[in-house]
Protein chains: 2
Amino acid sequence: MTDMTETTETSDATETTQLDIAEVSHRAGVPASTLRYYEEKGLISSTGRRGLRRQYDPGVLERLALIALGRTAGFSLDEIADMFAPDGRPRIDRGMLAAKADELDHRIRELGVLRDSLRHAAACPAPSHLECPTFRRLLDAAASGGVAAPGRRIPGR
Amino acid sequence: MTDMTETTETSDATETTQLDIAEVSHRAGVPASTLRYYEEKGLISSTGRRGLRRQYDPGVLERLALIALGRTAGFSLDEIADMFAPDGRPRIDRGMLAAKADELDHRIRELGVLRDSLRHAAACPAPSHLECPTFRRLLDAAASGGVAAPGRRIPGR
DNA sequence: GTTCTACTTCAAGTCGACTTGAAGTCAAGA
DNA sequence: TCTTGACTTCAAGTCGACTTGAAGTAGAAC
């Protein structure tokens with residue numbers, strides 16, 4: 001949403017800087033239905049219509065990237081929505097970023113332990129996993145919540 | 001979380017060390033409703049009833065630990081159900097474990113990049129994140145799916 | 001014997017992020 | 001001008017893992 005564009009926008013010059021929803025969908029790799037959904041949630045906005053079709057400012061691509069980034073960092077759409085100031089410019093709380101980084105760090109360590117254990121179990125010669133000491137240790141950890149309390153969301157992918 | 005209160009062994013001896021659902025719920029840290037749900041899904045089974053109340057074999061605790069483990073590794077309940085042979089003994093495909101480990105590994109690396117970038121952005125002196133080169137690089141990566149395509153499930157928490 | 005209470009069943013609700021379906025609209029091409 | 005087909009709206013559906021609520025039951029305490 002940096003200004004700059006919006007130059008000669010004569011109606012006949014079809015050379016609009018505006019992007020059709022299909023174009024945005026294609027370029028961002030996001031279904032049109034999702035774009036409408038995001039708009040409804042206030043995450044993005046269309047600049048106008050051509051007929052019924054939504055038109056977007058090219059800046060929407062950046063915004064979608066920002067949204068995608070937030071999603072992969074584990075933010076909910078609502079959280080992401082809060083990251084944009086009313087004027088549309090991103091306003092990201094640095095403290096929040098740091099907190100999320102710490103969270104990720106923790107999660108990463110957990111997953112590391114898990115990965116190593118899984119690998120061990122995969123190679124372990126014990127006839128049954130239940131007889132493998134490493135596996136049992138993992139089990140105990142999981143049982144006591146040592147690895148990751150199965151709260152609500154799950155990491156896996 | 002060890003023995004103790006090994007059920008009031010009152011009444012008839014040979015109470016077979018069966019655990020009441022409340023006991024299992026408490027020891028495993030899993031709500032009774034979840035135990036019923038798991039049973040319905042075929043993930044665990046009760047050995048009988050005392051009145052209406054379900055009774056469980058102590059082995060169910062280990063099984064629940066196994067389930068918790070699978071959950072934190074990112075397996076769905078259905079996948080976990082498939083990990084038990086019809087006889088109830090775990091039958092974990094080592095190849096599957098290895099595959100999951102690889103998956104985790106990949107995810108871990110993604111999250112690592114993300115964490116580093118978040119940390120940088122949090123400390124970055126650029127007036128706006130959009131002007132921070134590192135942040136922009138991250139954005140581009142997210143936009144091109146380089147970090148993690150926001151498929152269906154999200155890693156977060 | 002009565003009451004208390006923790007269990008029981010079954011159906012339905014929840015949550016987040018979308019997707020899907022039906023019915024309608026409109027710019028562009030034949 | 002008419003047809004086409006990609007868009008539009010709005011409501012409802014989906015998915016996974018549970019949770020919640022209503023109505024019922026039985027063992028244990030009194």
Side-chain angles (χ1 to χ4, degrees), chain A residues 11-12 14 16 18-26 28-56 64 67-82 148-157, chain B residues 7-12 15 18-26 28-46 48-56 64 67-82 148-157:
Chain A
S11 49
D12 64 277
T14 316
T16 60
Q18 300 293 296
L19 305 176
D20 184 88
I21 188 171
E23 180 95 11
V24 173
S25 169
H26 178 247
V30 170
S33 62
T34 300
L35 294 178
R36 277 179 225 114
Y37 176 65
Y38 281 180
E39 181 169 339
E40 189 184 342
K41 289 220 95 184
L43 287 163
I44 60 175
S45 56
S46 49
T47 50
R49 303 283 182 115
R50 168 153 53 177
L52 285 178
R53 290 167 159 80
R54 284 168 176 78
Q55 299 291 114
Y56 293 95
L64 286 170
I67 292 170
L69 180 59
R71 299 278 298 114
T72 99
F75 291 101
S76 70
L77 292 184
D78 283 347
E79 283 176 311
I80 293 170
D82 290 340
R152 212 47 107 87
R153 278 144 198 214
I154 275 310
R157 185 241 157 29
Chain B
T7 309
T8 46
E9 300 183 45
T10 59
S11 64
D12 262 13
E15 261 309 307
Q18 295 291 296
L19 306 176
D20 182 89
I21 189 173
E23 179 96 13
V24 173
S25 170
H26 178 247
V30 170
S33 64
T34 301
L35 294 177
R36 278 179 225 113
Y37 176 66
Y38 281 0
E39 181 169 339
E40 189 185 341
K41 290 220 95 183
L43 286 165
I44 61 175
S45 55
S46 49
R49 300 285 180 113
R50 170 164 17 198
L52 287 178
R53 289 167 158 82
R54 285 168 175 78
Q55 299 291 113
Y56 293 95
L64 285 170
I67 292 171
L69 181 60
R71 298 280 295 113
T72 99
F75 291 102
S76 71
L77 292 184
D78 284 347
E79 282 174 312
I80 292 171
D82 290 341
R152 211 47 109 84
R153 281 151 197 206
I154 273 309
R157 229 194 181 9

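All figures in this text were calculated on a predicted structure; none of them were measured in a lab. Just so we're on the same page: letters track the sequence lines, and every chain starts at 1.
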Problem set entry | A:Ile21 versus A:Arg36, closest heavy-atom pair with distance | CD1-NE, 4.2 Å
Seminar exercise, completed: All heavy atoms of B:Val24 vs all of B:Leu64, minimum pair found to be CG1-CD1, 3.7 Å
For this session: May I ask you to list the residues of residues 28-40 of chain A, by number, that have any heavy atom positioned under 4.0 Å from an atom of DNA chain C?
Result: A:Pro31, A:Ser33, A:Thr34, A:Tyr37, A:Tyr38
Problem set entry | side chain to side chain donor-acceptor pair (under 3.5 Å) partners of B:Asp82, counting only residues at least two apart | none
For this session: Specify the separation, in whole Å, of atom NZ of B:Lys41 and atom P of D:dC15.
Result: 12 Å
Problem set entry | Donor-acceptor under 3.5 Å (B:Glu79 side chain, B:Ser76 main chain) | yes
For this session: Round to the nearest Å and state the distance from B:Asp20 atom CG to D:dG27 atom P.
Result: 12 Å
Exercise. Atom CZ of A:Arg71 and atom C1' of C:dC18: how far apart are they, to the nearest Å?
Worked result: 10 Å
Seminar exercise, completed: B:Leu43 CG to D:dA17 P, in whole Å, measures 9 Å
Problem set entry | Spacing of B:Ile44 atom CD1 relative to D:dC18 atom C1', expressed in whole Å | 14 Å
Exercise. In whole angstrom, what separates A:Leu77's CG from C:dG16's P?
Worked result: 10 Å
For this session: Spell out protein contact along nucleotides 25-30 of chain C as letters: B when the base is contacted, S when just the sugar-phosphate is, - when no protein heavy atom is under 4.0 Å; keep the 5' to 3' order.
Result: BSS---
Problem set entry | Residues in side chain to side chain donor-acceptor pair (under 3.5 Å) contact with A:Ser33, at least two apart in sequence or another chain | none
Seminar exercise, completed: For B:Ser46, the side chain to side chain donor-acceptor pair (under 3.5 Å) test, sequence neighbours excluded, returns B:Glu39
Seminar exercise, completed: Taken to the nearest whole Å, CD1/A:Ile67 to P/C:dG16 is 17 Å
Exercise. Does B:Thr34 have any side chain to side chain contact (heavy atoms under 4.5 Å, CB included) partners at least two apart in sequence or in another chain, and if so, which?
Worked result: B:Val30, B:Pro31, B:Tyr38
Exercise. Please give, in whole Å, the distance from D:dA6 P to A:Ile21 CD1?
Worked result: 14 Å
Problem set entry | Under 4.0 angstrom between B:Arg49 side-chain N/O and C:dA6 OP1 or OP2 | no
Problem set entry | Contact summary for A:Ile44 and A:Leu35, nearest pair of heavy atoms | CD1-O, 3.5 Å
Exercise. At their closest point, which heavy atom of B:Arg49 faces which heavy atom of B:Gln55, and how far apart are they?
Worked result: C-CG, 3.9 Å
